[in-house]
Amino acid sequence: MQIWERLRDPATGRKLAGRVRELAARVCDRLGRRLVFMEVCGTHTMAISRSGIRSLLRDYLELRSGPGCPVCVTDQADIDRMIALARLEGVVVGTFGDMLRVPGSSSSLERERALGAQVKIFYSPAEAVAWAAANPSQQMVFLGVGFETTAPGVALSIKEAEQKGISNYSVYVSHKLIPPALKALLADPENRLDGFLLPGHVSTIIGRRAYLFLEEYGMPAVIAGFEPNEILDAVRELLEMLLEGKAEVRNAYSHVVREEGNLRAQKLLSEVFTVCDVPWRGFGCIPQSGLRLREELAAFDAARRFELPPVESRVPPGCACGEILKGKLTPKDCPLFARACHPTHPVGPCMVSSEGACAAYYRYEREV
């Protein structure tokens with residue numbers, strides 16, 4: 001059987017599920033309580049909800065969503081500045097589709113587009129650069145949102161624009177780094193987690209070694225792939241570590257993730273960006289958790305190129321996205337979930353994004 005067939009094989013899945021439930025029961029019996037694992041990836045959240053893994057294991061352990069959705073963790077003030085950019089005369093905003101409907105304090109990019117703003121959806125930053133080259137009379141501002149996974153593509157687009165002398169392309173940088181967010185979670189005494197399912201995509205770039213600090217916290221963690229069988233296998237490894245009294249960082253996605261990560265991508269990131277403090281939705285400012293353009297590339301920094309009006313941001317009353325991203329609440333704990341907030345009228349970003357926890361719960365785990 002080929003590896004991809006094995007990852008999707010139902011018989012293998014049933015066997016794994018049985019083993020996981022058996023191990024989880026033993027650990028629960030030993031600790032005298034249910035376990036809490038956090039999946040730190042929006043794609044994992046969607047896969048877990050879609051496959052029914054969360055409900056399959058709920059007697060023994062809870063799988064909580066963390067700050068793994070790039071759109072969801074973007075601070076409200078950054079959303080408002082992106083909307084302010086779209087309102088500027090002569091500026092065309094380029095973005096991935098998920099950003100379009102994220103509510104700001106008083107509007108959204110979708111609403112601004114309906115009012116006449118030029119907001120274009122691109123599938124890659126390279127498309128935005130090509131658009132800028134073909135339309136030199138207009139300013140293209142690409143919204144650089146996402147983790148270590150998407151930042152290399154944005155870095156490459158800036159290099160391309162620099163090399164080709166494309167002066168009407170810039171980026172509003174709002175990239176974030178996952179390891180500092182994990183440290184912030186572990187520093188919060190209200191968060192009682194028993195293990196992390198680490199994101200496969202981000203790990204492809206930064207490698208297993210980037211998480212070794214988790215062992216100093218005594219926190220077991222496993223890098224997981226995205227097929228249900230891969231997620232179950234990663235949960236199995238977490239449970240076995242707890243039974244053995246170990247707190248290691250393991251790689252259950254080794255056919256994709258290397259020990260040292262993608263060195264070329266890391267080099268590219270260091271050539272274009274420096275690390276800085278940035279605010280995350282729900283967390284506030286996390287030290288050394290974001291990226292900004294190097295001084296020599298300041299001409300491509302939209303925040304410096306354009307004069308933006310001051311913004312007074314406010315989180316919608318009742319919205320619990322911030323607490324959900326920290327794993328302190330589940331979407332069903334939010335008073336707005338499936339009532340005032342639903343996919344056709346999202347109040348917070350977790351209901352908008354294709355990787356948002358609220359969107360996953362609404363689509364696959366909603367009780368009606």
Flag if over 12 foreign heavy atoms under 6.0 Å of [atom1], [X]:
X    : atom1 : answer
R258 : CZ    : no
K332 : NZ    : yes
R250 : CZ    : yes
E259 : CD    : yes
E296 : CD    : yes

Could you check if a side-chain atom of [X] sits within less than 4.5 angstrom of a side-chain atom of [Y], using non-hydrogen atoms only?
X    : Y    : answer
V102 : L109 : no
Y172 : D78  : yes
E39  : I53  : no
V222 : L198 : no
F196 : V40  : yes
P317 : R314 : yes
V93  : K120 : no
L35  : C28  : yes

Exercise for the section: I would like to know whether E162 and K159 meet salt bridge (Lys or Arg N to Asp or Glu O under 4.0 Å); could you show each step before the answer? Expected result: CA-CA 5 Å; E162 182 186 37; K159 283 216 150 194; over 6 Å; no

So that I can tick it off, tell me whether [Y] and [X] are bridged by a salt bridge, with the cut-off set at under 4.0 angstrom between side-chain N and carboxylate O.
X   : Y    : result
R34 : D59  : no
R19 : E240 : yes
R58 : E62  : no

Looking only at side-chain N and O atoms, does [Y] offer a donor or acceptor that is under 3.5 Å from a partner on [X]?
X    : Y    : answer
S254 : N251 : no
Y169 : S157 : yes
E230 : H255 : yes
D277 : Q288 : yes
S203 : Y211 : yes
N229 : T12  : no

Atom [atom1] of [X] and atom [atom2] of [Y]: how far apart are they, to the nearest 0.5 Å?
X    : Y    : atom1 : atom2 : value
Q76  : R81  : CD    : CZ    : 11.0 Å
L185 : R64  : CG    : CZ    : 12.0 Å
L100 : E110 : CG    : CD    : 5.5 Å
T150 : I205 : OG1   : CD1   : 9.5 Å
L239 : L57  : CG    : CG    : 8.5 Å
I83  : E112 : CD1   : CD    : 6.5 Å

Problem - Step-by-step side-chain hydrogen bond (donor to acceptor under 3.5 Å, both in side chains) determination, S49 to R54 - result: CA-CA 6 Å; S49 292; R54 204 183 313 275; 3.1 Å; yes

Practice task
Could you tell me if the ring centre of H201 sits under 6.0 Å from that of F226?
Solution key: yes

Which pair of non-hydrogen atoms, one from [X] and one from [Y], has the smallest distance, and what is that distance?
X    : Y    : value
I166 : A133 : CD1-CB, 3.8 Å
V257 : G200 : CG2-O, 3.8 Å
L186 : M219 : CD2-CE, 3.6 Å
S51  : P228 : CB-CG, 3.7 Å
A24  : L61  : CB-CD2, 4.1 Å
A181 : P67  : CB-CG, 4.3 Å

Kindly say whether [Y] contributes a backbone atom to a donor-acceptor pair with the side chain of [X] at under 3.5 angstrom?
X    : Y    : answer
R111 : P103 : no
R26  : L243 : no
K164 : V129 : no
R294 : S270 : yes
T45  : C41  : yes
N168 : N135 : yes
Q118 : R113 : no
R101 : P343 : yes
S353 : C350 : no
Q138 : A132 : no

Problem - Steps toward salt bridge (Lys or Arg N to Asp or Glu O under 4.0 Å) verdict (D333, K328) - result: CA-CA 10 Å; D333 297 323; K328 294 184 179 180; over 6 Å; no

For the hydrophobic clusters of this structure (ILVMFWY residues joined by side-chain heavy atoms under 4.5 Å, transitively), does one cluster hold both [X] and [Y]?
X    : Y    : value
L293 : L143 : no
V36  : M241 : no
Y253 : L214 : yes

Problem - K183 to F213 six-membered ring, cation-pi geometry met (6.0 Å, 45°) - result: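 Judged by the rule (NZ or CZ under 6.0 Å from the ring centre, within 45° of its axis), K183 counts as positioned above F213.
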
Practice task
Specify whether Y362 and H342 have parallel, tilted or perpendicular ring planes, treating 30° as the upper limit for parallel and 60° as the lower limit for perpendicular.
Solution key: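 The rings of Y362 and H342 sit tilted, inter-plane angle from 30° to 60°.
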
Practice task
Could you check whether the rings of F142 and F96 sit parallel, tilted or perpendicular, using 30° and 60° as the cut-offs?
Solution key: perpendicular

Handout entry: Pair D75-K176, salt bridge (Lys or Arg N to Asp or Glu O under 4.0 Å): steps then yes or no
Key = CA-CA 11 Å; D75 190 65; K176 294 178 171 57; over 6 Å; no

Exercise for the section: Carefully, step by step, assess E190 and K326 under the rule salt bridge (Lys or Arg N to Asp or Glu O under 4.0 Å). Expected result: CA-CA 10 Å; E190 294 180 13; K326 290 186 288 188; over 6 Å; no

